[in-house]
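Below is one structure, written out as structure tokens, with a few remarks after it.
These values consider heavy atoms only, across backbone and side chains, with no hydrogens, waters or symmetry-generated copies. Counting from 1, the numbers follow the sequence of the chain as shown. Computed from a predicted model, the values in this text were never measured in an experiment.
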Amino acid sequence: MGNCFTDLEGGKQAVGAAQLRPTAASTSNNNNGGHNDAVEFFYRSRGLDPLFTPIELSLSASDLIDRDFTSKSDPMAVVYAKKIDGKLEELGRTEVVLNSLHPKWIEKVTVAFQFEIVQPLVFHVYDVDSKYHNIPVKTLKLKDQDFLGEATCVLSEDPFLKISRIVESGDPVPICKTKVVNNNLNPTWKPLCMSMNQFGSKDNPLIIECFDFNNSGNHVLIGKLQKSVADLEKLHKERSGANLTLPSSHYDYEKVLKGQLFVDQFCQKEQYSFLDYISSGFELNFMVAVDFTASNGNPRNPDSLHYIDPSGRLNSYQRAIMEVGEVIQFYDSDKRFPAWGFGGKTSDGSLSHCFNLNGSASGYEVEGVEGIMAAYASALRNVALAGPTLFGQVINTAAQITSQSLSYTSNKYFVLLIITDGVLTDLQETKDALVRASDLPLSILIVGVGGADFSQMEVLDADGGKRLESSTGRVATHDIVQFVPMQGVHSGQISVVQALLEELPRQFLTYMRSRDIKPLSPHVPQTSA
């Protein structure tokens, strides 16, 4: 192997390298820690499969220390397994990359991966003196080389479960999966909720597969088992585990692994749908708030977002009110809707961030969607656009009305529509208001009109899974916001009302289920486990 040079990216050179793509035999011989033919033969001769998987490690480094005076370091990496007693067992070495502080080694190091144990790995990097460049790397004495540093990691997995139902054809059809638990060989996944529509019956066989997550999408099967919902319930009651298995590529059987699946919780209960609640008498109470800040432009000018076209063509605010209001009004028995404006100067000259859209000093409700449209047009004639854009007061007012309703009824759920063109000035105050409101039967729909940067609104809409946090560190009970930019929606194939209301049933059900609120009248619900 002496005087073995290979071309690398950027014209760099390497010495002491083996083949570019080592075979299984050469890898095991070179690296001392991977696949072993003798061990494998021992298992195979007895009709068994070894409980390990050989994997190849590709190594690289960056920003290494420069130990050479006239050139850069000539690094080599050494991989060790750290044993229980703390001692290091060498698994393999890379070639030497000449004159590089950012090496990408070609030589792979093979490691026998065992699912059942945690395997700490230690990586040492050395600067190999030029006088040793003609010597095979396996024979180098490491004490004669300059030590550049070390790194450690645990050879573990990022496991997740996928559950599939076996259909009449015998094929598995995926019905749900867990989230990935990173770097954990003893994962605990959050509870899964499966409806009877998904799994068919408690005795229907399910395939439960455990995968190691891979960013490339080529997830590796760790093990699997077949159990029905009834079997899972039995595991929970008996506090016992079920062994995972892996199919054998050489024999007509599955090898049984040490890894087991346990059912920590099992709960079977009635699961009501959104229509179950609505048909039993639950109502959606509609509220609306309109942005009257100066960034909308002078309502008298045709390029203003508030311009009311004499021909009857609706502006963005009118379209949002009509499209959302016409749907929600059918779920509200009295069709009396609170309507406010914010960011404008009212007739007395005072700036207000929550004024009654109808101009009344006492009553904020209007009759039907037509009443909202009429109050909006009237406000444009009597309110001067000002600013800044603040949501906090409007959200707090809506939350107060919602909270008061809880004292006399539990069959009302409130929906606040906020239509705005601008960037929030009170982002943290808005977050605080939303976190407080997340305890209430309230959803907030936000429509962005115009071409402003609405990235702040995306933060309020916790679709990414990260719930809002208040200035005091309190986290929202659940997501109650849905944001839709009007411009983006109208350029696609979905209407504003579809985009806005697609999350509303889920938010409604999250609130009802978290408080164990049931529909008002008897009916036949869906059952889930």
Which heavy atom of [X] sits nearest a heavy atom of [Y], and at what distance?
X      : Y      : value
Gln226 : Pro205 : NE2-CB, 3.5 Å
Ser470 : Val435 : N-CG2, 3.8 Å
Pro441 : Tyr511 : CD-OH, 3.4 Å
Ser280 : Leu520 : OG-N, 3.0 Å
Leu235 : Ala242 : CD1-CB, 4.0 Å
Glu283 : Asp332 : OE1-OD1, 4.0 Å

Do the non-hydrogen side-chain atoms of [X] and [Y] ever get within less than 4.5 Å of each other?
X      : Y      : answer
Asn182 : Asn184 : no
Lys518 : Asp276 : no
Ser443 : Tyr413 : yes
Ile517 : Asn411 : no
Leu460 : Leu424 : yes
Asp439 : Arg515 : yes
Leu504 : Leu284 : yes
Ile208 : Leu244 : no

- Begin with the C-alpha distance, continue with both residues' side-chain angles, and end with the deciding distance and a verdict on side-chain contact (heavy atoms from CB on, under 4.5 Å) for Tyr272 and Met512. CA-CA 9 Å; Tyr272 302 100; Met512 297 300 168; over 6 Å; no

Sidechain-backbone polar pair: [X] side chain, [Y] backbone, donor-acceptor under 3.5 Å:
X      : Y      : value
Gln198 : Arg165 : no
Ser438 : Thr477 : yes
Ser514 : Thr510 : yes
Ser100 : Val97  : no
Trp105 : Val96  : no
Asp127 : Pro75  : no
Asn243 : Leu257 : yes
Asp432 : Glu429 : no
Glu150 : Phe123 : no
Arg93  : Leu140 : yes

Among [options], which one satisfies side chain to side chain contact (heavy atoms under 4.5 Å, CB included) with [X]?
X      : options                : result
Leu206 : Leu225, Ile166, Val229 : Val229
Phe483 : Leu445, Ile444, Asp461 : Asp461
Ile163 : Pro174, Pro172, Cys176 : Cys176

- Evaluation steps, side chain to side chain donor-acceptor pair (under 3.5 Å), between Thr245 and Glu254: CA-CA 6 Å; Thr245 64; Glu254 291 187 328; 3.1 Å; yes

- Task: Take Ser169 and Asp171 through the side chain to side chain donor-acceptor pair (under 3.5 Å) test and state the conclusion after the steps.
- Result: CA-CA 6 Å; Ser169 64; Asp171 297 322; 3.1 Å; yes

- Item | Residues Lys202, Glu233: salt bridge by 4.0 Å N-O rule | yes

- Message: Under 4.0 Å between a side-chain nitrogen and a carboxylate oxygen: does that hold for Lys431 and Glu469?
- Response: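 A salt bridge is absent here (no side-chain N lies under 4.0 Å from a carboxylate O).
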
- Which is it for Arg506 and Asp479 under the side-chain contact (heavy atoms from CB on, under 4.5 Å) test, yes or no, and what are the steps along the way? CA-CA 10 Å; Arg506 180 185 60 80; Asp479 176 26; 3.8 Å; yes

Just verifying a value: how many Å separate [X] [atom1] and [Y] [atom2], rounded to the nearest 0.5 Å?
X      : Y      : atom1 : atom2 : value
Leu246 : Ile222 : CG    : CD1   : 9.0 Å
Cys210 : Trp189 : SG    : CH2   : 4.5 Å
Arg436 : Thr472 : CZ    : OG1   : 9.0 Å
Met76  : Leu59  : CE    : CG    : 12.0 Å
Arg513 : Cys193 : CZ    : SG    : 6.5 Å
Glu503 : Ile480 : CD    : CD1   : 12.0 Å

- Query: Does a side chain donor of either Asp203 or Ser201 reach within less than 3.5 Å of an acceptor in the other side chain?
  - Reply: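 Result is no, nothing qualifies.
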
- Message: If you take the centroid of each ring, where Trp contributes its six-membered ring, are Tyr277 and Phe508 closer together than 6.0 Å?
- Response: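 Yes, they do, as the ring centres are separated by less than 6.0 Å.
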
- Task: Go through the steps for Ser73 and Ile65 under the test side-chain contact (heavy atoms from CB on, under 4.5 Å), then give the verdict.
- Result: CA-CA 7 Å; Ser73 296; Ile65 299 173; 5.9 Å; no

- Message: Applying side-chain contact (heavy atoms from CB on, under 4.5 Å) to Phe211 and Lys162, what does each step give before you reach the verdict?
- Response: CA-CA 8 Å; Phe211 289 93; Lys162 182 177 76 173; 4.0 Å; yes

- Show your reasoning for whether ring-ring contact (aromatic ring centres under 6.0 Å, His included) applies to Phe160 and His219. CA-CA 10 Å; Phe160 69 92; His219 309 308; 5.2 Å; yes

- Message: Does Tyr331 have more than 12 heavy atoms from other residues, nucleotides or ligands lying within 6.0 Å of its OH?
- Response: no

- Item | Full working for side chain to side chain donor-acceptor pair (under 3.5 Å) between Gln428 and Ser471 | CA-CA 7 Å; Gln428 188 56 59; Ser471 55; 4.5 Å; no

